[in-house]
Amino acid sequence: MAHEDHKAVARNAALIRSLPDEHIEAILSRGVFRSANRGETLFLQGERCPGIHVVLDGWVKLYRIAPNGAEAVVGVFTKGESMGEPVALRQGTYPVSAEAATACTTVLIPGDALIQLIHRDPQASISILAATFNHLHSLVAQLEQLKAETGAQRVARFLLELCEEGGGDCRLTLPYDKVLIAGRLGMKPESLSRAFSRLKTVGVTITRNHAEIADIAQLRSVVETDPADAWNRS
């Protein structure tokens, strides 16, 4: 993708487009664009955070390594999503590591550029706070899903997020490997496999990295079912 095309995508990212129009070009002119191959490290837990990362294409995984060496997936970000606002603004260190889950392109907006902008135009701080709130809201929703939904419901919700709006059938390509899908959904790979098997009863077929959904409305009904009623199907 050409540099100008990258900038066009960046302008439409949630964080950037919420900034006052007169500041967007100045902010992007200081951005550092980067392409990474799958598996490449973007930053490491404990490193100093120089700014906010915006994903322009592909998928990026955020994770932490526990003392026992186990990896905990914190989130998976894609086109138009940003990472690291609170840490960048207080010029701290990363609490997580980031890795390219697929080939991806990102832009790094220097934290000092945003801090200077906030001093010049307090309206910009509202935009950045809104982006931070969206991350908090997303984390609360993920926690709710982990606590209140069965494994099959979490997988059903994940597939629905990849489908286009509406009903009928859908065929899609899983965006990244199943091990990462399991980690994002708070499951072990074997639990993910069992959940895929259970969803066959509502018309979901998984073949390698492809999913065929016979009826989106029927799959949506799985998510909307009371978890207490779905307990025996978890």
> Do the charged groups of R120 and E22 touch, with an N to O distance under 4.0 Å?
Replying inline: no
>> Give me the atom names and distance for the closest heavy-atom approach of V155 to F196.
In response: CG1-CE2, 3.5 Å
> Is T41 reaching over with its side chain to a backbone N or O of E99, donor-acceptor style, under 3.5 angstrom?
Replying inline: no
> Taking atom CD1 of I216 and atom CG of L160, what is their separation to the nearest 0.5 Å?
Replying inline: 7.5 Å
> Taking C-beta and beyond as the side chain, do V74 and R64 meet within less than 4.5 Å on heavy atoms?
Replying inline: yes
> Considering all heavy atoms of both residues, which atom of K7 and which atom of L28 are nearest to each other, and what is their separation?
Replying inline: O-CD1, 3.8 Å
>> To the closest 0.5 Å, what do you measure between CG (L185) and CZ (F158)?
In response: 6.5 Å
> Can you list the steps and then say if R194 with S191 is a side chain to side chain donor-acceptor pair (under 3.5 Å)?
Replying inline: CA-CA 5 Å; R194 288 195 294 270; S191 299; 3.1 Å; yes
> For D169, which residues count as a salt bridge (charged side-chain N to carboxylate O under 4.0 Å, His left out) partner, sequence neighbours excluded?
Replying inline: none
>> Nearest 0.5 angstrom please: Q116 CD to H23 NE2, how far?
In response: 12.0 Å
> Partners of Q45 by side chain to side chain donor-acceptor pair (under 3.5 Å), sequence neighbours excluded?
Replying inline: none
>> For F77, give me all partners under ring-ring contact (aromatic ring centres under 6.0 Å, His included), at least two apart in sequence or on another chain.
In response: H135
> About how many Å separate CG of L19 and CD1 of I27, when rounded to the nearest 0.5 Å?
Replying inline: 6.5 Å
>> Determine whether a donor-acceptor pair (N or O, by modelled atom type, separation under 3.5 Å) exists between the side chain of R171 and the backbone of H210.
In response: no
> Nearest heavy-atom pair of C170 and C163: which atoms, and what distance?
Replying inline: SG-SG, 3.4 Å
> Are the side chain of R198 and the backbone N or O of A152 linked by a donor-acceptor pair below 3.5 Å?
Replying inline: no
> Can you tell me if D177 uses its side chain to pair, donor with acceptor, with the backbone of L180 under 3.5 Å?
Replying inline: yes
> When clusters are formed by joining ILVMFWY residues with side-chain heavy atoms under 4.5 Å apart, either directly or through shared neighbours, do L199 and V223 land in the same one?
Replying inline: yes
> Just wondering, do F43 and L62 contact through their side chains at under 4.5 Å, heavy atoms?
Replying inline: yes
> Can you tell me if D57 and T105 form a side-chain donor-acceptor pair at under 3.5 Å?
Replying inline: yes
>> Please check this pair: side chain of T150 against backbone of Q153, looking for a donor-acceptor N/O pair closer than 3.5 Å.
In response: yes
> Which value, rounded to the nearest 0.5 Å, describes the distance between E25 atom CD and R30 atom CZ?
Replying inline: 13.5 Å
